[in-house]
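What follows is a short report on a single structure.
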Amino acid sequence: MKITIPHMGNVYLAAKALFDGLGVDYVIPPMNSKAALEIGSFHSPEEICLPFKIMVGNYIQAIEQGADTVIITGSCGPCRFGEYCEMQMKLLRRLGYQVDFIVIDAPKCIGLKELMARIARVAAASPRSRAQKWRALAQAVRIMNLLDAIEAKAHEKAGYEKVRGTCKRLLHACRQEAFRCKTPREMLRCLHEYSRRLDQVPCDNSAKPIRIAIIGEIYTVIEPFSNLYIEDKLMDYGISTKRMMTPSWWMGNTIMSPLKINSPGIRMASRDYLPYYIGGHARECVGEAVLSWKEGFDGAIQIFPMGCMPEIVSKAILPAIARDKDFPVLSLVVDEMTGEAGYVTRIEAFIDMLERRRSHAVSRH
């Protein structure tokens, strides 16, 4: 068994740490690029959404490096992602690739016994003892939580740093150095060191930067290549950003879902506009918009792939929130044909509008 995973943000670093800790053979696909997108777009149905196409590109690149098993997360909701594994398996078989899929789905969808059986398939390939396997899993979870915390810190402090670009450089260096680590323990030390460095970045605490929340469909929000590196661009502009949707949030939300105690703040915030789960993360998108307004953000940017049904519903609801709360929201739709020039122009125009609103509010007072 030689395992691979599709890229989604920093998940590959936590996965690498887990596989290193388990002592299993694995392939991390090349970082997402136009090459992966072109491969995936060529072989995928034209009308399928962007995440599907990029993931197919990841698989084929990894298979060419010897991978024979794919681990992905699942979804049993009314979103096409719930069918990804079946569709992708059939697509790869049609191309002549013999690949096994291990789908890690929520216990409420497949049952705890089936979930444990799927996890056992991965564990069976490991020569480690049971205690070592649990330790490797715990370290991978800690690494994912720490990565998300480091990203959040860098994105927030980018609006306050005295030397523009410091947080961005540290964040990129952190990812590169973490990937070179050979063991989970070494990676944890590396991440703690970069977290400390970020804490020491000289900041102007009297600054009042524009603050923008990033909301929308989970893959295009988390995976920087799919959103044309919007968080990096906003850091370059000196914008302080926040993204509630992270891999560690997804883990906690999935674990708590069977008990109906997942994301209570989001559910409360969304109840006046979207009180139901309709698939994907539509309810989270709506709830996050309301929470961002309550937290004093200047605006929010919604990002989702072309044709994403849950986010199309969210997009239809967000203007009501913008009107009721006087809270600007920009919706950006991405696919393989998205042009960077027009995309950046819309973002810059949105930032200009937020700055004018703030200047106008100050002048009135």
Side-chain angles (χ1 to χ4, degrees), residues 7-9 32-34 37 40-41 47-55 79-81 151 155 158-159 168 210-246 270 273-274 279-293 297-323 325 327-357:
H7 277 291
M8 189 172 80
N32 279 337
S33 64
K34 287 184 179 179
L37 178 56
S41 298
E47 68 278 3
I48 201 71
C49 45
L50 182 68
F52 184 100
K53 295 172 182 176
I54 299 176
M55 289 165 71
C79 165
R80 281 183 292 192
F81 183 69
E151 268 201 343
H155 292 148
K168 180 179 171 181
I210 295 294
R211 300 169 68 222
I212 296 176
I214 307 296
I215 62 177
E217 187 271 330
I218 189 166
Y219 182 93
T220 47
V221 164
I222 292 176
E223 172 49 46
F225 174 75
S226 69
N227 61 46
L228 281 68
Y229 302 93
I230 189 170
E231 287 173 310
D232 280 359
K233 288 179 170 64
L234 293 173
M235 292 175 87
D236 292 339
Y237 298 142
I239 306 294
S240 183
T241 64
K242 180 178 181 179
R243 169 166 48 85
M244 299 182 194
M245 199 161 288
T246 64
S270 66
Y273 295 95
L274 184 60
H281 293 90
R283 190 175 185 184
E284 285 82 358
C285 178
V286 170
E288 287 167 11
V290 176
L291 288 174
S292 301
W293 165 74
F297 280 76
D298 294 282
I301 297 178
Q302 178 201 22
I303 309 170
F304 65 96
M306 177 76 74
C308 177
M309 179 277 291
E311 290 300 324
I312 290 171
V313 174
S314 298
K315 183 178 183 294
I317 294 171
L318 290 174
I321 297 173
R323 182 182 61 249
K325 312 297 185 186
F327 183 67
V329 180
L330 170 66
S331 292
L332 297 173
V333 185
V334 291
D335 66 5
E336 67 270 26
M337 302 301 290
T338 299
E340 186 167 2
Y343 187 83
V344 170
T345 298
R346 293 192 65 195
I347 294 169
E348 290 176 343
F350 185 66
I351 294 169
D352 288 343
M353 182 267 291
L354 296 180
E355 289 173 341
R356 287 197 304 273
R357 277 171 54 92

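Both backbone and side-chain heavy atoms feed into the values below; hydrogens, waters and symmetry mates do not.
Taking the side chain as every heavy atom from C-beta outward, Ile48 and Lys53 approach each other to under 4.5 Å. Residues Leu234 and Ile347 are in side-chain contact: their nearest non-hydrogen atoms beyond the backbone lie under 4.5 Å apart. Using a 4.5 Å cut-off on side-chain heavy atoms (C-beta onward), Tyr219 and Ser226 make contact. Using a 4.5 Å cut-off on side-chain heavy atoms (C-beta onward), Ile303 and Ile214 make contact. Residues Glu223 and Asn227 form no side-chain contact, since every pair of their non-hydrogen atoms from C-beta on lies 4.5 Å or further apart. For the pair Asp335 and Pro305, the minimum side-chain heavy-atom distance is 4.5 Å or more. Proximity of Leu330 to Arg346: side-chain heavy atoms (C-beta onward) are separated by under 4.5 Å at one or more points. Residues Gln302 and Leu332 form no side-chain contact, since every pair of their non-hydrogen atoms from C-beta on lies 4.5 Å or further apart.
Look at Lys233 and Glu340 and you find a salt bridge, because one of the NZ, NE, NH1 or NH2 atoms lies within 4.0 Å of a carboxylate O, short of that distance. Taking the charged nitrogens against the carboxylate oxygens, Asp236 and Lys168 do have a contact shorter than 4.0 Å, which makes a salt bridge.
The two residues Ala300 and Ile215 make their nearest non-hydrogen contact at CB-CD1, 4.1 Å. When all heavy atoms of Phe327 and Phe297 are compared, the closest pair comes out as CE1-O, 3.2 Å. Met245 approaches Gly216 most closely through the heavy-atom pair SD-O, 3.8 Å. When all heavy atoms of Met235 and Ala158 are compared, the closest pair comes out as CG-CB, 3.8 Å.
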side-chain contact (heavy atoms from CB on, under 4.5 Å) evaluation trace for Arg357 with Asp298: CA-CA 9 Å; Arg357 277 171 54 92; Asp298 294 282; over 6 Å; no

Worked verdict on Phe304 versus Val334 for side-chain contact (heavy atoms from CB on, under 4.5 Å): CA-CA 6 Å; Phe304 65 96; Val334 291; over 6 Å; no

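Taken to the nearest 0.5 Å, the CZ atom of Phe225 stands 7.5 Å off from the CG atom of Leu50. Taking CZ from Arg323 and CG from Leu318, the interatomic distance works out to 11.5 Å, rounded to the nearest 0.5 Å. The distance from atom CG of Asn32 to atom CE of Met8, rounded to the nearest 0.5 Å, is 11.5 Å. Taking CD1 of Ile230 as the start and CZ of Arg243 as the end, the distance is 11.0 Å to the nearest 0.5 Å. His281 contributes atom NE2, which lies 10.5 Å from atom SG of Cys308 (distance to the nearest 0.5 angstrom). Interatomic distance, CD1 of Ile351 versus CD of Glu348, reported as 7.0 Å (0.5 Å rounding).
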Table please: side-chain donor-acceptor pairs of residues 284-293 below 3.5 Å, with sequence neighbours left out.
unit_1: Ser292; atom_1: OG; unit_2: Glu288; atom_2: O; d: 2.7
unit_1: Trp293; atom_1: NE1; unit_2: Lys325; atom_2: O; d: 3.2

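Judged purely by atom type and a 3.5 angstrom limit, Ser314 uses its side chain to pair as donor or acceptor with the backbone of Ala282.
Residues Arg211 and Ser240 have side chains that never bring a donor and an acceptor to within less than 3.5 angstrom of each other. For the residue pair Glu217 / Thr220, a side-chain donor-acceptor distance below 3.5 Å is found, with atom types taken as modelled.
With sequence neighbours left out, Tyr229 forms a side-chain hydrogen bond (donor to acceptor under 3.5 Å, both in side chains) with no residue at all.
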